[in-house]
Amino acid sequence: MTQTEHKCMRTHYSREITPELNGEEIIIQGWIHEIRDLGGIVFVLLRDRDGITQVTAPSKKVEGELFKQIQGLKKESVITVRGKVQESPKAPGGVEIIPILVRVLNKSKLPLPLDTTEKVRAEIDTRLDSRFLDLRKHNVSSIFKIKSRMLHSVRVFLEKNGYIEINTPKLVASATEGGTELFPITYFEREAFLGQSPQLYKQIMMASGFDKVYEIAPIFRAEEHDTLRHLNEAISIDLEAAFCNHEDVMQILEQLVSNALKDVKKYCQNELETLNIDLEVPKTPFERVDYDDVVDLVNSKGVPLRHGEDLSRAAEKAMGEIKDGYYFITGWPTDIKPFYVMPSEEDPAKSCAFDLMYHDLEISSGAKRVHLHDLLVEKIQKQGLNPDSFNRYLAAFEYGMPPHAGWGLGAERFTMCITGAQNIRETVLFPRDRRRLTP
RNA sequence: GCCCUGGUGGUGUAGGGGCUAUCAUGCGGGCCUGUCGAGCCCGCGACUCGGGUUCAAAUCCCGGCCAGGGCGCCA
């Protein structure tokens with residue numbers, strides 16, 4: 001094989017081959033999905049990233065050497081096929097390729113660690129071990145094409161709305177932010193940690209004059225949770241806006257969600273079809289449910305929830321039974337929210353924090369932040385944390401910090417909502433959970 | 001971290017003190033000119049690891065590891 005044969009010679013993807021191309025000579029490239037050798041005629045199903053094309057080799061129409069070569073092909077080998085498009089009602093999709101030349105670019109080891117045709121379903125663990133093979137299945141790759149489009153849509157939407165994309169450090173010194181467990185790492189002669197959230201950094205950016213910022217980046221949480229909706233490494237879509245309150249950023253959030261769904265519906269028709277999903281684009285504004293009412297609603301379902309408690313899993317499920325689609329929970333008690341959340345002016349026991357829910361899943365939480373230095377110090381102390389370890393953060397509040405608000409949206413959880421995935425691991429190429437660190 | 005369940009060919013499973021360990025798919029070989037979960041024939045390939053009970057353990061008991069489900073935790 002010469003060097004030039006390595007470059008992409010493909011003229012068409014499977015999806016582009018229509019009966020109108022009848023008689024044309026084309027080149028397709030991909031993997032051998034299946035071979036059906038009937039003796040005098042061989043069917044080779046060639047799979048590329050969007051679809052499958054049938055290559056049909058009748059012994060009468062295909063010369064002896066080539067016919068023999070085709071009979072000897074193996075599953076999941078990578079091949080290039082030059083051939084003539086043949087319109088045929090007997091072929092899947094009404095078209096097939098009569099081969100003129102077949103070149104094997106690389107063979108696959110057999111047997112395969114999992115069945116790419118899904119005659120035998122593999123478990124998620126087996127699939128993740130051989131993720132590259134798992135992703136050859138269109139129903140698996142569709143999830144990631146949708147995730148890609150969603151993230152693209154989010155970026156376009158935020159840029160259009162004047163947001164500046166920022167990058168904050170993932171190697172951090174402080175473990176004093178409170179809350180979640182952090183992953184400790186060695187930073188030369190010191191201990192450092194992997195960032196749990198860009199929260200403090202994006203707030204510091206509010207004192208920079210950028211006004212509106214967002215970041216799409218990984219967050220790391222060392223919690224030993226082992227559920228279908230938690231990861232130890234996830235992608236967070238974070239946003240912070242100055243001269244805004246919680247109502248303003250809730251509006252941005254609901255518009256962003258609705259817009260992303262609209263774009264996915266528009267640009268991912270094939271993927272949605274593959275996944276058998278009829279995507280509904282929700283109308284804005286989303287319903288707002290006050291925390292006080294949530295307590296009553298949950299209790300009315302027979303699930304115990306005391307005022308002042310965070311939602312248990314049972315409480316979330318109860319809400320999922322009552323509410324459909326996307327909705328906000330507002331008016332959270334100040335006591336169960338972090339120090340940087342602004343208490344409500346009318347009733348300081350209530351906060352300006354909100355969660356965005358989809359059925360029984362929390363996909364985003366945000367708030368109007370505390371922008372007053374002294375109040376922030378007071379709140380840090382109240383939570384049993386040491387203000388000294390927040391020096392660099394607090395300094396930003398001493399030289400003209402505007403009022404601001406923001407939120408974080410879990411990219412994987414949002415992808416679950418769009419694709420209907422029941423396991424968050426389905427929405428990450430290489431998930432990191434309590435047990436899995438490879439591949 | 002807690003509770004429950006499980007670990008059998010490459011994959012997905014049946015069985016549950018003594019069997020030649022079930023079936024499907026796969027893989028290898030053969031037949032077959034319209035397959036599309038192709039079909040038919042022949043063959044290949046497995047009891048998670050360590051200890052214990054027993055004449056005998058894949059099966060029962062204990063522990064490890066791993067997995068599935070649920071919960072907790074998740075500023």
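Order of the sequence lines fixes the chain letters, A, B, ..., with proteins taken first and strands second; residue numbering starts at 1 for each chain.
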Determine the Euclidean distance between corresponding C1' atoms of B/rU20 and B/rG15; express it in Å to zero decimal places. 15 Å
Heavy-atom nearest nucleotide on RNA chain B taken for A/A314 and for A/N423; more 5' hit belongs to A/N423
Mind checking the C1' distance from B/rG1 to B/rC74? Whole angstroms is fine. 13 Å
Partners passing side chain to side chain donor-acceptor pair (under 3.5 Å) against A/E76 (at least two apart in sequence or in another chain): A/R47, A/T116, A/R136
Base, sugar-phosphate, or nothing: which does A/R221 touch, judged by heavy atoms less than 4.0 Å apart? base
Residue A/L228, side-chain heavy atoms: nucleotide from B/rG69, B/rC71, B/rG10 that is nearest: B/rG69
For A/R392, which residues count as a side chain to side chain donor-acceptor pair (under 3.5 Å) partner, sequence neighbours excluded? none
Close residues, residues 229-240 of chain A, relative to RNA chain B [heavy-atom separation under 4.0 Å]: A/H230
Atom CD of A/E362 and atom C1' of B/rC73: how far apart are they, to the nearest Å? 13 Å
Could you name each residue pair satisfying ring pair (Phe, Tyr, Trp, His ring centres under 6.0 Å) that touches residues 79-106 of chain A, not counting sequence neighbours? none
Hey, is the side chain of A/Q199 pairing donor to acceptor with the base of B/rA75 inside 3.5 Å? no
Should the ring pair A/Y291 and A/W332 be called parallel, tilted or perpendicular, given that the plane angle runs from 0 to 90° and is split at 30 and 60? tilted
When both hydrogen-bonding distances must be under 3.5 Å and the geometry is Watson-Crick or G-U wobble, what is B/rU25 paired with, if anything? B/rG10
Taking the same atom, P, in B/rU11 and in B/rG16, what whole-Å distance lies between them? 24 Å
Hey, would you say the A/F339 and A/F390 ring centroids sit under 6.0 Å apart? yes
Could you tell me how far apart A/K137 (NZ) and B/rG12 (P) are, to the nearest whole angstrom? 10 Å
Which atom pairs, one a donor and one an acceptor, fall under 3.5 Å between side chains of residues 57-66 of chain A and the rest of the protein, sequence neighbours left out?
{"from": "A/S59", "atom 1": "OG", "to": "A/G40", "atom 2": "O", "distance (Å)": "3.0"}
{"from": "A/E63", "atom 1": "OE1", "to": "A/L66", "atom 2": "N", "distance (Å)": "3.4"}
{"from": "A/E63", "atom 1": "OE2", "to": "A/E65", "atom 2": "N", "distance (Å)": "2.8"}

Measure CD/A/Q422 against P/B/rG68 and give the value in whole Å, please. 15 Å
Nearest-angstrom distance from the residue atom CG of A/D433 to P of B/rG69: 11 Å
Strand partner of B/rC2, provided both Watson-Crick or wobble distances fall under 3.5 Å: B/rG70
Among pairs that include at least one residue of residues 229-254 of chain A, which meet ring pair (Phe, Tyr, Trp, His ring centres under 6.0 Å), considering only residues two or more places apart or in two chains? A/H225-A/H230
All side chain to side chain donor-acceptor pair (under 3.5 Å) counterparts of A/E273, not counting sequence neighbours: none
Could you give all pairs that pass the ring pair (Phe, Tyr, Trp, His ring centres under 6.0 Å) test and reach residues 393-438 of chain A, with sequence neighbours left out? A/Y393-A/F397
Taking atom P of B/rG68 as reference, at what distance in whole Å does atom CG of A/D129 sit? 10 Å
Sort out the partner of B/rG45 for me: Watson-Crick or G-U wobble, both distances under 3.5 Å, none otherwise. none
Tell me, which pairs form a ring pair (Phe, Tyr, Trp, His ring centres under 6.0 Å) where one or both residues lie in residues 356-389 of chain A, sequence neighbours left out? A/Y326-A/Y358
Produce a footprint string for nucleotides 25-36 of chain B: one letter per nucleotide, 5' end first; B if the base is under 4.0 Å from any protein heavy atom, S if only the sugar-phosphate is, - if neither. SSSSS--BBBBB
A/R425 and A/D125 ion-paired at < 4.0 Å: no
Between atom CZ in A/R434 and atom P in B/rC71, what is the gap in whole Å? 18 Å
Within the 6.0 Å centroid threshold, strictly below: A/F183 and A/F220: no
Counting only Watson-Crick or G-U wobble pairs whose two distances fall under 3.5 Å, which nucleotide matches B/rC60? B/rG52
Considering only atom C1', compute the distance from B/rC55 to B/rC60 and round it to an integer number of Å. 16 Å
Euclidean distance, atom CZ of residue A/R121 to atom C1' of B/rU11 [Å, nearest integer]: 13 Å
Please measure how far the C1' atom in B/rG17 lies from the corresponding atom in B/rG10, and state the result in whole Å. 30 Å
Please work out which residues in residues 316-325 of chain A have a non-hydrogen atom less than 4.0 Å from an atom of RNA chain B and list them by number. A/K317
Nearest-Å distance once atom P is located in both B/rA57 and B/rC19: 10 Å
Give A/D226 one of three labels, base, sugar-phosphate or nothing, depending on what nucleic acid heavy atoms sit under 4.0 Å from its own. base
Rounding to the closest angstrom, what is the interatomic distance between B/rC4 and B/rG72 at atom C1'? 15 Å
With sequence neighbours left out, the residues meeting side-chain contact (heavy atoms from CB on, under 4.5 Å) with A/A421 are A/M416, A/T419, A/E426, A/T427
Gap in Å between the two C1' atoms, one belonging to B/rG9 and one to B/rC23, rounded: 12 Å
Under a 3.5 Å limit on both distances, the Watson-Crick or wobble mate of B/rA75 is none
Just N and O in the side chain of A/T227: are any of them under 4.0 Å from OP1 or OP2 of B/rG72? no
By nearest heavy atom, map A/R436 and A/D310 onto RNA chain B; which one lands nearer the 5' end? A/R436
Using a 4.0 Å heavy-atom cut-off, does A/R127 contact any base of the nucleic acid, only the sugar-phosphate backbone, or nothing at all? nothing
Measure from CD on A/E76 to C1' on B/rU11 and round the result to the nearest Å. 14 Å
Report yes if some heavy atom in the side chain of A/V257 is under 4.5 Å from a heavy atom in the side chain of A/L356; otherwise report no. yes
